[in-house]
Amino acid sequence: MPGKLKAKIVAGRHLPVMDRASDLTDAFVEVKFGNTTFKTDVCPKSLNPQWNSEWFKFEVDDEDLQDEPLQITVLDHDTYSANDAIGKVYIDIDPLLCNEAASVISGWFPIYDTIHGIRGEINVLVKVELFNDLNRFRQSSCGVKFFCTTAIPRCYRVAMVHGFVEELVVNEDPEYQWIDRIRTPRASNEARQRLISLMSGELQRKIGLKVLEMGGNAVVGYLQCFDLEGESGLVVRAIGTGCTLDKVSFGSAPNTNTHVHPSTAPASNACNSPSKDGKEPVFAEDLPSFSGPPTPFRVLPTSSSSPPPFSPSKPCSRQSSSSDTDLSLTPKTGMGSAGKEAGPLKTLLRQQTQTALEQRQEFPFFTLTSFPPGFLVHVGGVVSARSVKLLDRIHNPDEPETRDAWWEEIRQEIKSHAKALGCHAVVGYSERTSICEEVCILSASGTAAILNPRYMREGCLDTGNTEPRFDEPSPPSCGFCHIPYDELNMPFPAQLTYCYGCRRQKVPDVLFTTIDMPSEAAVTGKGCLIQARLCRLKKKAQGEVNATAISNLLPFMEYELHTQLMNKLKLRSMNALFGLHIQISVGENMLLGLASATGVYLTALPAPGGVQIAGKTPGDMSNEHHILTIQKRINDTIAKNKELYQINPPELTEEVVGSPIPEPRQRSRLFRSHSESSDELSELDLSHGKKDAFVLEIDDTDAVEDIHSLLTDASPPSGFYSCNTEIMPGIFNWTSGVQMFTSVRVFRLSNANLTNQGLNKIFTDLCENLLKSFYFKLRSMIPCCLCHLNFTVAVPEEELIQVAVTAVAMTFDKEQILEKPGDKIITKGCIEGEEQLQFSMELCADSSGISTQQLSKISGVPESTNVSPRAASVDYGSFADRCSTWLELIRLKAHTIRRGSIKTSRRTQSLAHSVSSLERSSPLPEGRSRSLRSNRSFGGSSVTVVKMTPLSFLPGTRIIKYLGIINMFFIRETTSLREEGGVSGFLHTFIAEVFAMVRAHVAALGGNAVVSYSMKECMLMENPNKNQAQCLINVSGDAVICVIETDQEPIHTAVGPRQTCSSGADGTT
Amino acid sequence: MQGVNRARGEPGLESGCHYDALDKMAVELDVFVGNTTIMDEEVYQLWLDGHTVNDAVKVRMEGGVLEECEASADVLMSDTMDQYRTFQMCERLLHSPTKLANQLLFQIPPHRQAILIERYYAFDDVFVREVLGKKLSKGTKKDLDDVSAKTGVTLKSCRRQFDNFKRVFKVVEELKGRLVENIRQHFLLSDKLSRDYAAIVFFANNRFETGKRKLMFLTFQDFAFCGGQLINNWTVGAVDNMVEDMDVDLDKEFLQELKELKILIADKDLLDQHKSLVCTALRGKTKAFNEMEANFKNLSRGLVNIAAKLTNTKDVRDFFIDLVEKFIEPCRSDRWTAADMRLYLTHYTNSAHILDTFKHQLVWDRYMGVIKSCIFKMYHD
């Protein structure tokens, strides 16, 4: 009995009138934990009762403490009939179980009823006394900290990253139990809420146990999801990254959110003495000081790079239409000068890390999306896998093997894709499902990467810099862009160039990732949100036929989404995507695909070429003219976008580098003038004839439509930027204005005879209009950036499309923006990315639908996973890396490497920058930031202002404490839809209520903000004819205390010194 | 169509017509919820003014907000709908503004809360002029459509304003302490607005007649000022500040005492003496001297009779009309200037103190102080 839970009910306010006769309420409270219930006295005839109860004490196992919520029910006493429930409050006491989090829960909670919504508030005090438990076989995992944040939480430093943890639990959905027919909707909703609360608790506890086993003490990037499988049950699953975190003490490190080492030296030397360890970020000790003398490895001449341990296991066959030339023949011309470091060092790194990883676990996956500098060595590209399954009743909830096996299968596939890319790990990993009736699409995606082994091995921390051999092979700023795979043995055809940052290693010409942009990366200009949207009609069907139909459609959708993304990227003159999320949702008669990412121009990658239009029938004069018109529009758009996003690299690059970068002839007619040069290598010929992504062929009206739709994407109005990553690449000077919002739109397709084209148009307009609405609503915040725009699409019913968006608008200081470009250049910069092209084979193989075995062989997935009990499980898996499905022209450029002074200085600056870039993400001149505290109470009230953001930080503030995870699930139902303002009124109220309940819980924990907030689920069902609607919402985030940053902190003085030192550094290098 | 059907039933969103535009785009549901509640002051005003969503969209379009922000009509429609919904959800809280500060549903910065409340309780002078002094009853509320037609204020807005008056009235009716202070505390209104409400409550409670044609030249602000004078000087609260209703009802004892002033006109000697004192003081100081001298007895009788009759509720109601008929109109027909008026009333009041046989100086001052400032305020075109 290792814990005592104590609760005290203080008072209520704003209670609803329960007795019409007296216009008053006789309220009392039941406090329940597990099977124990206490009651307060009845406080007669009051809408603002004061109970001031005794302390109710529950003596319980810590296992129960983790699983169970404290349940508080407010009732109206009725002498003659049954007592009426006013509403409930569920309090998750998990934050109290960790001594570093909250110590007491105290505050006003909204009293929530699933039918009536919020009905007044109740003031509650909760404490927990934990006794030490020495039982080694304990089932609880109290003390393991959970974070939704997909980065190392600010104010912690990471001692070790253990890796992937996952778990799932299943149960019957109370909504589908027989008893549901006889109980009230309220009882059913409450049973469901309670069950899910229990399941989440259990899940968290089990994951905690796994982390303890690994020797960790925290789960970062914790992502929990529900699959409401209807008849077949309810699955709660979670993934995360197990870590060992050390708390950074505050006395010594005032600006914790910047990861500064406790022994922070004065800011002034931060920049100019690169070797100073004290200056470095928390992680610095694990890092070599990269500005030091070149390590021997760097100069190692390596003509033959040994193939990476995992050279692609599968043949990369590409048969997609446009690729006539097999790129795997990529010439080795570049090797002589370029390939130097790539070989042995890379291999060594890879091996080391791999060993470290493999020793530890089966899946080297990381749910994190941003990393300590130096953690990511190289990034390979996006890997993903999807699989279509038929849901079957879960017969034994205690053994959820089927679901486990499904995910296992997908993860295996992801892993093999990563290997094919020469990577040993997957970062920015996430999983999701889309369910329609009995069909379920499981998807997983991530970014293949090579990680620094240092973080994977125990004890390495202490040794610090004693292993200089593992210095990054290149300046960290561009290192992550360098290709991780072996260029002689590329997993897919790709064109490589020398990195524009270091000039020594190869980079791909386009890089797609699911992670946030590394803070040290150098970008040119600003980034922007890029979305690809797609609808595909499908016939209504049942069972296996349906699953087959879906899995047949998926490859085409993925291909098109990628093509769209690529074209849009080119139109914006950008060369990399971060935060790529591709969602495919299934409905009864259609599939929806939405890919969102943030496009940027990575300075380290080559400039993208233009987009060229080609007619199918060149002889036709009128057609020719038409094509010219479109071509002109495209060129205009590109020019406009370059200006809009301040992308003006060609000149800059040329000056700096001295060798103009040739544009491949075939697709750069327009740009040729200034970029053609004799430096072009023979690779040009390679790209010739491959007219895929860059060359748009107009062969029918559909193609014209497609091109038009490309051009119709409106750019944000002036003063606005938007991205789906944490922050906008290219903006640093955030001010404190923050507005988090959730918006939901449902569109009814009225016309039954819609075509795919028509649907696409509607869907695109829906998304575009949503964005326009945001810009309009938030216009008072200009200049501002919509960050972390997270779109979720669903097909709740036939003919309905639902789009839900959660994002945060943040203001920034326009003036400083002008200074920053300098900084931007500073940031280090090269990137290696790559394109994986493996579309073809899977495409055709997959068309056979159920022939899973065959597929799995192709993709290297163990066959056993496909021998599912029901043949109906259609494996779509091999389609997996969508990345690889992209066809694209890749140019290979070479240039003489010159180490101009400018360039060097850039690199040194970047060093300085790396220290401050993190700081910068939330630096705020105090003057501009309105104090959070000042808002704490207003109008004499005691309502704490709680800020919410989907980001891991709040600009202008410093997180001083994480209070625990917020993970809440609510159901709301109404039988008076019209009276509540229709379905919009209903949902509007509900979302506002959810926000209110989140804020109240955070405030009761003593916090003033929620970071990494997300709405995982928003499932709305309506029946207007019956005047009914029901909605389920699941939200999560991290409750924190943050304080306003003060001017004294080094951060703010950083700008000046930084520049000074950069010039000083010039000399040194 | 479904959308329309649903819209019909929506309370507050007056007609389904705003859905028509959305129907075209077949948007079935459209919500935007900010962690900090977003409210556009312009839209709030349009909502308060009782415009339908469609009207509001039109007004906003004409205002040029679209060009400013590169938005489309759809965007404006969606935004307006959202805001209207938010306001409707907030309205309940605005009925008891103190709740707004400690409710949890909407996170609204304090200065915004203040604006919301102040605007919600603001009223149109043309409207209040119509109901000022009327009983705040259901009957009056029924007639609001007439008021709406007459004033051009939408019926919805009329109802809101009327309900505000009634709500404030009900709450402060039974409270002890200063009326203005009570209003400010319970409704968190600004000082100015609290005083206006105090006047409205006071007028409603005493049912002062303000609607006669002869009073039409008076604005609400004229009345509010006079009401304030009465509250501050003639109510029970003016002498004792811990009584219920203290600021709402006139001081009965004082009204009784006012009868004593009759001696000023009943006693012929006193009247003559008063007249000669005033005339002596005025002679040569104004062009209207002759008219003043000629009218002195009439005017004095008028004022003193008003005082003497105030014990009758009926005459209290006619207080303002009496002032106009008995004093202001005669003076105006004699073309007194405002300065003349000041001069006359000052000397008229002060001279009474010199009358040896006139013993009711205190009552006289309490009476004339208010009369003087009221007449000063009311003496205009």
Side-chain angles (χ1 to χ4, degrees), chain A residues 13-14 108 110 118 121 714 717-718 738-750 765-766 769 772-780 800 802 935 938-943 945-948 977-979 981-985 987-989 991-993 995-997 999-1000 1020 1022 1024 1027, chain B residues 1-3 5-13 19 22-38 40 65-66 68-72 74-76 78-79 81-83 85-86 88-89 96-111 113-114 117 188:
Chain A
R13 69 182 182 196
H14 307 158
W108 289 98
I118 291 178
E121 290 122 36
S718 66
V738 168
Q739 171 66 279
M740 190 280 295
F741 61 87
T742 290
S743 181
V744 182
R745 254 182 217 191
V746 175
F747 188 94
R748 181 172 290 277
L749 304 166
S750 42
D765 287 351
L766 184 57
N769 286 336
K772 279 182 199 158
S773 276
F774 301 158
Y775 298 138
F776 181 76
K777 275 181 187 293
L778 299 162
R779 63 193 184 283
S780 65
L800 288 187
Q802 175 186 315
N935 282 356
F938 46 84
S941 84
S942 53
V943 180
V945 171
V946 175
K947 298 214 172 189
M948 290 163 75
L977 189 59
R978 276 190 291 276
E979 294 75 4
V983 66
S984 292
L987 189 61
H988 193 142
T989 314
I991 293 175
E993 285 171 342
F995 284 1
M997 287 184 277
R999 288 192 302 255
L1020 178 74
E1022 51 165 333
N1027 207 15
Chain B
M1 298 214 67
Q2 265 181 310
N5 292 339
R6 188 169 306 117
R8 296 254 152 77
E10 285 186 38
L13 292 181
Y19 254 110
L22 287 180
D23 260 348
K24 272 178 229 141
M25 20 189 281
V27 171
E28 172 122 344
L29 175 157
D30 179 11
V31 298
F32 178 101
V33 190
N35 182 38
T36 303
T37 307
I38 293 183
D40 182 304
V65 71
L66 282 187
E68 235 170 76
C69 316
E70 309 169 31
S72 67
D74 290 346
V75 166
L76 205 52
S78 144
D79 178 58
M81 295 273 292
D82 245 337
Q83 304 252 1
R85 221 172 17 239
T86 309
Q88 275 162 32
M89 288 162 69
S96 43
T98 44
K99 264 192 198 166
L100 192 64
N102 58 17
Q103 51 86 31
L104 302 177
L105 190 56
F106 299 102
Q107 187 157 276
I108 307 171
H111 67 280
Q113 290 186 12
I117 296 168
L188 307 176

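Residue numbers begin at 1 in each chain, while the letters A, B, ... track the order of the sequences.
Salt-bridge formation is detected for the pair B:D82/A:K777: a Lys NZ or Arg NE/NH1/NH2 atom is positioned less than 4.0 Å from an Asp or Glu carboxylate oxygen.
In this structure, the separation between CG on B:L104 and CZ on A:R13 is 5.5 Å, given to the nearest 0.5 Å. Interatomic distance, OG of B:S78 versus NZ of A:K772, reported as 12.5 Å (0.5 Å rounding). Of the inter-residue distances, the one linking A:H988 atom NE2 with B:M81 atom CE reads 11.5 Å to the nearest 0.5 angstrom.
Every residue two or more places apart in sequence or in another chain was checked for a side-chain hydrogen bond (donor to acceptor under 3.5 Å, both in side chains) with A:Q739, and none qualifies. Taking the side-chain hydrogen bond (donor to acceptor under 3.5 Å, both in side chains) definition, one finds that B:N35 meets it with A:R999, sequence neighbours left out.
Between the side chain of A:S743 and the main chain of B:V31, a donor-acceptor pair closer than 3.5 Å is present. The backbone N or O of B:D30 sits less than 3.5 Å from a side-chain atom of A:S984, completing a donor-acceptor pair.
Top candidate by heavy-atom pairs under 4.5 Å with chain A, chosen from B:V33, B:V75, B:T37, B:D40, is B:V33. Options A:V738, A:V744, A:L987 differ in how many heavy-atom pairs under 4.5 Å they form with chain B, and the most are formed by A:V744. Interface remark: of the candidates A:L1020, A:L800, A:N1027, A:V946, A:V946 forms the most heavy-atom pairs closer than 4.5 Å to chain B.
For A:L766, no part lies near chain B; criterion is any non-hydrogen pair under 4.5 Å. At a 4.5 Å heavy-atom cutoff, B:T98 makes no contact with chain A through either its backbone or its side chain. Residue contact with chain B, scored on non-hydrogen atoms closer than 4.5 Å, involves the side chain of A:F995 exclusively. Heavy-atom distances place both the backbone and the side chain of A:T989 under 4.5 Å from chain B.
Residue A:A996 comes nearest to B:L105 through the heavy atom pair CB-CA, 3.8 Å, listed as atom of the first residue, atom of the second, then distance.
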Derivation of the side chain to side chain contact (heavy atoms under 4.5 Å, CB included) call for A:E121 and B:N102: CA-CA 10 Å; A:E121 290 122 36; B:N102 58 17; 5.6 Å; no
Working note: B:I38 + A:L778, criterion side chain to side chain contact (heavy atoms under 4.5 Å, CB included); need CA distance, chi angles, decisive distance, verdict.
CA-CA 8 Å; B:I38 293 183; A:L778 299 162; 3.6 Å; yes
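Aromatic ring orientation, B:F32 versus A:F774: tilted (interplanar angle from 30° to 60°).
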